[in-house]
Amino acid sequence: MSEIPKAYEPQSVEEKWYQFWCEEGCFTADPARVNEQRPGYSIVIPPPNVTGMLHLGHVLNNTIQDILSRKARMDGREVLWLPGTDHAGIATQVQVEKALKREEKKTKYDLGREEFLKRVWAWKEKHGGIIIQQLKKLGCSCDWTRERFTMDEDYSRCVQKVFVDLYKKGLIYRGKRMVNWCPVSQTALSDEEVEMKPQKGFLWYFRVEVADAPEAPATESSAGEGTESDGKDEKPTYGPIVENGKTYLLIATTRPETIPGDTAVAVNPKDPRYTHLVGKHVIRPLPVENQARIPIVADEHIDIEFGTGVLKVTPAHDKADFDIGQRHQLPAVDVLNPDGTMSELAGADLKGLDRFEARKVAAAKLTEIGALVKEERYENNVGFSQRADVPIEPRLSEQWFLKYPSVKEALACVEQAEEGSARGSRADSGGSPESSSQVLKLEGDVLDAPSNTARGPRALPGKMRFHPDRWAKVYDHWLSNIQDWCISRQLWWGHRIPAWTQPVTGPTQWVRALPQAVEENTPWTTDLQSSRGFDYSLSGVPGHTTVFQRYRLHGGGPGIYAATLSSVEEAKLAEYGFTQDPDVLDTWFSSWLWPFATMGWTGDPAVDAENPMLKAFYPTSDLVTGPDIIFFWVARMIMAGYEWMGDLPFRNVYFTGIIRDKQGRKMSKTLGNSPDPLDLIAKYGADALRFGVMRSAPLGQDVLFDEKDVELGRNFCNKLWNACRFRQMQGGEVEGEINPALLGSDDKWILLRLDQAICEIDEAFADYKFNEVTATLYRFFWSEFCDWYLEAAKAAFQGEDPARKANVLAVIDFVLGHMLRVFHPFLPFITEELWHDLGYAEDLPEDQGGKTIMVAHWPKPFDNDVKAHYGLEPTAEQLANAKYDLVTKGRNFRREFNIPANKKIAFALRPAGQLESHEADVIRLLLNAETLEVNPAYVPPKGTPSAHSPLGELYLPLEGLIDAEAEKARLTKELAKVEVEIQKVEQKLGNENFTARAPAHVLAEHRQRLADWQARQEQIRAAVDCLS
RNA sequence: GCGCGGUUAGCUCAGAGGUAGAGCACUUCCUUGACACGGAAGGGGUCGCAGGUUCAAGUCCUGCAUCGCGCACCA
């Protein structure tokens, strides 16, 4: 034991212990140690981007994972918290491209693919470890020996394997379709990467001439626009315009620049205004040099109410239009380049312009040719690229798609917490895998045995639970309506698609080139109808195969696709004239394998069945992540888990809230409202940051972050530090034996409070309510242990009884020893430091806290034997409570009568019964009294303030110093309050319905309450009498 | 449009049928031998609104208001 400094200084402590834990291998999981007595517990980290920097979201997320991991270790489980990063395709590539431009003024094309990728790897080696280092500062107990990266060789192989497997199953296909195109990143995106945002723009109304209109009836309105009768909101009505014998249609659009791409206009077949024109043609106004005739088609999709009821159809640049085009066999004219500029086909006026510039020019052009009728301000939802924050461009493009596998299983496994039946599963998870901790039987003090509480809404066997469970509904909805996943990205950084292609130029070309067997067995497939591929070994080397499919694109030529994992086969394919697909896979197509690809999964069932890591740690126990990636990641991992492991990937998913600033705004770099967690750690300490964040993060709510929370965390640590320092300053034997015979009411009270706290904490843990745990920790340690128990203990320390003093020390050690352990998951550093400083590690076996508090046993609530042994009967608690109540009232006198807090004054107590002298000593000390005269026959001088308690009457005899009138006023005020309470209770008890129907214990409680208030009333009245 | 969440003390949030809670902020007093990153004592709420169920409603039900978040092809 060394002297500890007055204020807690986290920096050196944190550094020292983190290094110690790592050097001693405290975080390293060993699958060989897993058995019935020692169940495995596992979490895979949601891999942060290699480009990433730690932000408060990471702090929240990873602190929770660390708490779960550390708690599980103390529960006696073998814990794997598996860390790593993902390669973040677009984000990383963009960063490196930017750096390249800045430093060398070059583009990736200047370097070429291979050289560019070298640069990305170099960049990754240099910057990729930053976030990992930051997680270490936070205290994360990840198994760093098993750190993974999604581009690791083994991991990449898993990705390829999965691709070929799905391809072979006919679930992956290539198709020419409308995709979400990001003109900045110049790649396709999945639907999930598109964010709808309201945009202010214009609705342009322009007219087009019907080229082959029937003779206009004379009665036809000649105006295209009218207004509906006399309504206040003048809602224009539209119809064909007849003017000078010509018929025109009025069309509303937000995107006039795409007019050159229009290949039809469409109306609803039920729209009487236009039915006679269906089948006719209009003259497309742009480009002016190419005013083509395009048909008027009838399609149900058109909303009669919207705009003019006429829709321009641009199959190449709108998803809905594309579908209409399919239904009516319309050509698609692509008027945009991949970078968002207008193409040749857009015509001379627009060609080369950026799409937004072109929009203005197109509108001007319409005005110029007299086609524009009007423009109005308009707000609509536009899809934005999440990554580049620019409007996406729906674009017809050839991409790889995936029909999601194992959807049925994924839908079935997540328990929907509905009213009724599902509620039943809340109770004991008797048969659940989580209860495997119940088989734990560890020797030692009952108080030291690990907790085996497995209450709460944990998942049933084979099932999964979301916390909070409302996300199950969101998940369910998404999974029930999913579209095929566009998995190819036009990037260089990522997993290159292991598919090779060769277009078929002539009817027999490929047949000559490839072996007969391939031709005969290779099925045809299209993007609408898939089938299983044909497996063949081109090289003839055993175990090396290629999967072939013959492919016909929509409106395109036929081709052959081949997918293989084998480099030997790849060489052969090259020989036969195949080229590898240049694209890479969506990053999520690799992260969805994270829970098992990180554990050495190979895809070979025989090998995987013998994999000790998978056997010990799959399925993982808990996943902690943000709800913003429920579709991107969580749902897809569940599908992958079923598809390749035949089992769900995790049992519980904890969804964190989103961290916002104290005004409720999202954290963002541009707002500058996102504090750097490392600064906070430097200023307050990692424990303080952890505690502060956890304290303000209720389950299922967003977190409004305030630096004050971290300050509070620091204060808490400092308080803990000083409480332990106080203990240390008392000296004496460490963790002496507690003698039950010497326990006073305060000792018993704090032991009961400790028991209560442990119960509450276990319960909150079972429900993943971490902020409730912190609330209990805070209350128990600060409001109960420090404010009352330590203060009361000073009476023994100042007293003359060495046996009592030693016993109080033993109680303090007992409580602190338990407290440090329940604090440990939240405050790993300071608890480890104090654990050793106070000498609690000394007598314990190495693997039970002797080396580190990390594996000290989690405290267990007291059983009846323990309670009986220490005499922890409810009356002990009542006596202590009565004492504290009396003390509070006594202290209140100081304020009422303006007596400075530091002035020692004399009190007198007329006890209601027997009061042991050391109990009186405690009261005297807590009152900061000069003396406390305990006298059953005490008669107070007139005008003496008094307070009533079950322990007796407390008096403050300050002759001459007390203003009798003021005291009378005080008592009268209190009397009024008491009378209000009496009235309330009497009213209730006077209600026959209440007395007849309320349960007995409620009734009894009310009667007791009334009696208490009435006694109080009497006492105050007596006191008032005494004053006059 | 559909779905989900919030609305409780000045602020941030707990509480889910039986006497309204915490932290911060505020007021007064206190550098007393663990801690001023501290101690003591206080003040402060008709629990968004309106109905209903109940002996009893922040708590359960129905509607409404309001803020926020998902999902959705209205040009």
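Chain A is the first sequence line, chain B the second, and so forth, proteins listed ahead of strands; every chain is numbered from 1.
- Phe631(A) has its ring centre no less than 6.0 Å from the ring centre of Tyr475(A).
- Nearest nucleotide to the Lys6(A) side chain, out of G15(B), A36(B), C30(B): A36(B).
- Heavy-atom minimum distance, Ala697(A) versus Leu60(A): CB-CD1, 3.7 Å.
- Residue Lys719(A) has a polar side-chain atom (N or O) positioned under 4.0 Å from OP1 or OP2 of G39(B).
- Checking the phosphate oxygens (OP1, OP2) of A34(B), a side-chain nitrogen or oxygen of Lys794(A) falls inside 4.0 Å.
- Under the 6.0 Å cut-off for aromatic ring centres, His317(A) and Phe322(A) do not qualify, their centroids lying 6.0 Å or more apart.
- With both pairing distances under 3.5 Å, A40(B) is matched to U28(B) as a Watson-Crick or G-U wobble pair.
- Distances shorter than 4.0 Å separate none of the side-chain N or O atoms of Lys708(A) from OP1 or OP2 on C24(B).
- Between Asn381(A) and C74(B) there is no side-chain N or O to OP1 or OP2 distance below 4.0 Å.
- Looking at heavy-atom distances under 4.0 Å, Ala723(A) makes contact with a base.
- Heavy atoms of Leu311(A) sit under 4.0 angstrom from at least one base atom.
- The CG atom of Leu704(A) sits 13 Å away from the P atom of C69(B) (whole-angstrom rounding).
- Nucleic acid contact for Gln798(A): base, since at least one base atom lies under 4.0 Å from a heavy atom of the residue.
- In this structure, Asn715(A) reaches the G38(B) phosphate: one of its side-chain N or O atoms is under 4.0 Å from OP1 or OP2.
- Other residues, nucleotides and ligands place more than 12 heavy atoms under 6.0 Å from the NZ atom of Lys197(A).
- You'll find that the side chain of Asn892(A) is closest to A41(B), out of G38(B), A41(B), G23(B).
- Comparing the P positions of G44(B) and A50(B) gives an interatomic distance of 24 Å, to the nearest angstrom.
- Between the CD atom of Glu707(A) and the C1' atom of U12(B) there is a distance of 16 Å, given to the nearest Å.
- Using a 4.0 Å heavy-atom criterion, one finds that Arg714(A) contacts the bases of the nucleic acid, with or without backbone contacts as well.
- Of all nucleotides listed (G18(B), G3(B), C35(B)), G3(B) comes nearest to the side chain of Lys473(A).
- For Trp782(A), a side-chain nitrogen or oxygen approaches OP1 or OP2 of G39(B) to under 4.0 Å.
- At the heavy-atom level, Thr254(A) lies under 4.0 Å from the strands shown only through sugar-phosphate atoms.
- Between Ile302(A) and Glu192(A), the residue whose closest nucleotide on RNA chain B is further toward the 5' end is Glu192(A).
- A16(B) and U8(B) are spaced 13 Å apart, taking the C1' atom of each and rounding to whole Å.
- Within the 4.0 angstrom heavy-atom criterion, no nucleotide atom of any strand lies near Asn771(A).
- Regarding Arg725(A), its CZ atom lies at a distance of 14 Å from the P atom of C37(B), rounded to whole Å.
- The side chain of Lys977(A) contributes an N or O atom lying less than 4.0 Å from OP1 or OP2 of G43(B).
- Listed candidates were G39(B), C35(B), G5(B). Nearest to the side chain of Arg470(A) is G5(B).
- Proximity of a side-chain donor or acceptor of Arg894(A) to a complementary backbone N or O of Lys903(A) within less than 3.5 Å is detected.
- Taking a pair to require two hydrogen-bonding distances under 3.5 Å in either a Watson-Crick or a G-U wobble arrangement, A20(B) remains unpaired.
- To the nearest angstrom, P of C35(B) lies 6 Å from CE of Met729(A).
- Within the 4.0 angstrom heavy-atom criterion, no nucleotide atom of any strand lies near Cys717(A).
- Taking the side chain of His477(A) as heavy atoms from C-beta on, and the options C37(B), C71(B), U19(B), the nearest nucleotide is C71(B).
- Contact annotation: Arg894(A) does not reach the phosphate of A41(B) (side-chain N/O to OP1 or OP2, under 4.0 Å).
- RNA chain B is contacted by both Glu981(A) and Asn902(A); Glu981(A) maps to the nucleotide lying nearer its 5′ end (nearest heavy atom per residue).
- The phosphate of A41(B) has OP1 or OP2 within less than 4.0 Å of a side-chain N or O from Thr888(A).
- Which of G23(B), A34(B), C74(B) sits closest to the side chain of Arg695(A) comes down to G23(B).
- Taking 4.0 angstrom as the limit, Tyr378(A) places a side-chain polar atom (N or O) nearer than this to OP1 or OP2 of A75(B).
- Side-chain nitrogen and oxygen atoms of Lys312(A) include none within less than 4.0 Å of the OP1 or OP2 phosphate oxygen of A75(B).
- A donor-acceptor contact under 3.5 Å is formed by the side chain of Glu791(A) with the base of A34(B).
- Look at CG on Asn898(A): it is 14 Å from C1' on A40(B), rounded to the nearest Å.
- Between the side chain of Arg895(A) and the base of A41(B), a donor-acceptor pair under 3.5 Å is found.
- Searching all strands for a Watson-Crick or G-U wobble partner of G1(B) with both distances below 3.5 Å returns C71(B).
- Tyr205(A) places a side-chain heavy atom less than 4.5 Å from the side chain of Leu203(A).
- Taking the six-membered ring wherever Trp is involved, the centroid distance between the rings of Trp471(A) and Phe466(A) does not fall below 6.0 Å.
- Picking from G18(B), C73(B), A75(B) the nucleotide with the shortest atom distance to the side chain of Phe306(A) gives A75(B).
- For His301(A) against C74(B), a side-chain-to-base donor-acceptor contact under 3.5 Å is absent.
- Separation of the P atoms belonging to C35(B) and C29(B) is 23 Å when rounded to the nearest angstrom.
- The interatomic distance linking Arg779(A) (CZ) with G15(B) (C1') rounds to 14 Å, in whole Å.
- Between Arg1009(A) and U19(B), a side-chain N or O to OP1/OP2 separation shorter than 4.0 Å is present.
- For Phe691(A) and Phe716(A), the ring centers are positioned less than 6.0 Å apart.
- Ring centroids of Trp204(A) and Phe206(A) are separated by 6.0 Å or more, keeping the two rings apart.
- In this structure, Gln983(A) atom CD and U19(B) atom C1' are separated by 15 Å, rounded to whole Å.
- Spacing of C1' atoms, A34(B) relative to C11(B), comes out at 31 Å, to the nearest Å.
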